[in-house]
Asker: 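Below: one structure in structure tokens.
We count ligands from 1, going down the list as the structure has it; atoms in each ligand are counted the same way.
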Amino acid sequence: PNRVVIKIGSSSLTSLHGEVSRKKLEKLVDQVVALKDEGMEVVLVSSGAVAAGYRKLGFIERPSSLPEKQAAASIGQGLLMESYSELFLSHGYVASQILITRTDFSNENRYYNMSNTINVLLERGIIPIVNENDTVTVDRLKFGDNDTLSAKVAALINADQLMILSDIDGLYTDNPSTNPDAKMLEHVTEITESIEAAAGDSGSAVGTGGMKSKIDAVKISMASGISTFLGKADIPDILIDAVNGNAHGTYFENK
Ligand code: ADP
């Protein structure tokens, strides 16, 4: 694949205390840089704005009310972008920020504007970093993180592959945090009723969508014929391996 969308969840970017981890950001950036060095076009869909901002808003722990999370994201989004920009620049790459809302996809003008903008950025070697515009929409903060948003972005720009990085190494036959007998599936060609039933909520305090919203995302990407990989964010070289088809994780591909 030449054009890929990578989605990373809050739980994969934060430390145990819920703050954004510089180390984890660096590791992600290094992997994206490796793909860029191969000549690939990469769009990053990154969560983490709330995690990057809540302390500066005066909270000791991640706040729980929506307006407080939105306010934290308003501080954190800029800080997160600052870190990304700095890290990518140190490797010679330029990052850009794209804030979108779900309704942007159902407005024809906005749809084409988004697509044109991202195409120009990609053609010029830039790494667009997408997040939901938390000030005006709370969907992501309420449910689903950026899972379905990343699938819509992948469809919008005709990506070859969507990669969803999570705190779990793949899709299991049942929620592995509650069922120790659950088995990981390596290849999925169809989202069946039993897969939908197996996909449960998030097990972590920072994760919001769980496997449910990831399956919703996969339904969107598969409907657009985009192969999708789900894997664990902290496995070394997971992105390069996923692109080459030999990563540990779940591959979703139409038959
Ligand atoms: P992220 O923040 O990385 O997006 P989430 O916490 O939202 O991650 O979602 C991943 C979690 O979903 C897993 O850690 C697991 O607890 C839960 N989960 C529920 N059902 C399943 C399943 N069938 N297979 C794998 N994980 C599942």
Asker: Give the contacting part of Ser177 toward ligand 1: side chain, backbone, both or neither, where contact means a heavy-atom distance below 4.0 Å.
Answerer: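 For Ser177, only side-chain atoms sit under 4.0 Å from ligand 1.
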Asker: Quick one: does Gly170 get within less than 4.0 Å of ligand 1, heavy atoms only?
Answerer: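 Under 4.0 Å: yes for Gly170.
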Asker: For atom 1 (P) of ligand 1, state which one of Ala233, Ala198, Ser11, Ser10 supplies the nearest heavy atom.
Answerer: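 Selected option, by shortest heavy-atom distance: Ser11.
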Asker: Is the contact between Asp174 and ligand 1 made by the side chain, the backbone, both, or neither, using heavy atoms and a 4.0 Å cut-off?
Answerer: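 Backbone only.
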Asker: Contact between ligand 1 and Lys7 is defined here as a heavy atom of the residue under 4.0 Å from a ligand atom; is it met?
Answerer: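 Yes.
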Asker: Ignoring hydrogens and geometry beyond distance, is a side-chain donor-acceptor pair present between Thr228 and Ser221 at under 3.5 Å?
Answerer: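 Result is yes, a qualifying pair exists.
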Asker: Only one of Leu171, Thr173, Asp174 passes side chain to side chain contact (heavy atoms under 4.5 Å, CB included) with Lys183; say which it is.
Answerer: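 By the side chain to side chain contact (heavy atoms under 4.5 Å, CB included) criterion, Lys183 pairs with just one of Leu171, Thr173, Asp174: Thr173.
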Asker: List ligand 1 atoms under 4.0 Å from Gly200, heavy atoms only on the residue side.
Answerer: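 Heavy-atom distances to Gly200 below 4.0 Å select 19 (C), 20 (N), 21 (C).
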Asker: Using a 4.0 Å cut-off to any heavy atom of Gly210, which atoms of ligand 1 qualify?
Answerer: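 Per the distance check, 5 (P), 7 (O), 9 (O), 12 (O).
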Asker: Please check if any side-chain donor atom of Ser65 sits under 3.5 Å from a side-chain acceptor atom of Glu68, or the reverse.
Answerer: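 A donor-acceptor contact under 3.5 Å links the two side chains.
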Asker: What atoms of ligand 1 come within less than 4.0 Å of a heavy atom belonging to Asp167?
Answerer: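 Result: 3 (O), 6 (O), 8 (O), 10 (C), 11 (C), 13 (C), 14 (O).
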Asker: Could you tell me whether Arg22 and Glu86 make a salt bridge, using a distance below 4.0 angstrom between a side-chain N and a carboxylate O?
Answerer: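 Counted as a salt bridge, because a side-chain N and a carboxylate O are separated by less than 4.0 Å.
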Asker: With atom 22 (C) of ligand 1 as the reference point, say which of Lys232, Lys214, Met184, Met211 has the nearest heavy atom.
Answerer: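 Result: the heavy atom closest to atom 22 (C) of ligand 1 is in Met211.
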Asker: Which ring-ring contact (aromatic ring centres under 6.0 Å, His included) pairs, counting each pair once, include a residue from residues 236-255, with sequence neighbours left out?
Answerer: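 The answer is His187-Tyr251, Phe229-Tyr251.
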Asker: Going by distance alone, is a donor N or O of one side chain under 3.5 Å from an acceptor N or O of the other, for Ser47 and Asn146?
Answerer: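 Per modelled atom types, Ser47 and Asn146 side chains form a pair under 3.5 Å.
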Asker: Would you say Ser166 and ligand 1 have an N/O pair spaced under 3.5 Å apart?
Answerer: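 N/O-N/O distance below 3.5 Å exists for this pair.
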Asker: Check side chain to side chain donor-acceptor pair (under 3.5 Å) between Ser166 and all other residues, then give those that pass, not counting sequence neighbours.
Answerer: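 Partners of Ser166 by the side chain to side chain donor-acceptor pair (under 3.5 Å) criterion come out as none, since no residue qualifies.
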Asker: Test of understanding: given a 4.0 Å heavy-atom threshold, classify the contact between Pro176 and ligand 1 as side chain, backbone, both, or neither.
Answerer: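 The answer is the side chain.
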Asker: Under 3.5 Å, is there a donor on one side chain and an acceptor on the other for Asn119 and Arg3?
Answerer: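 Arg3 and Asn119 do have a side-chain donor-acceptor pair below 3.5 Å.
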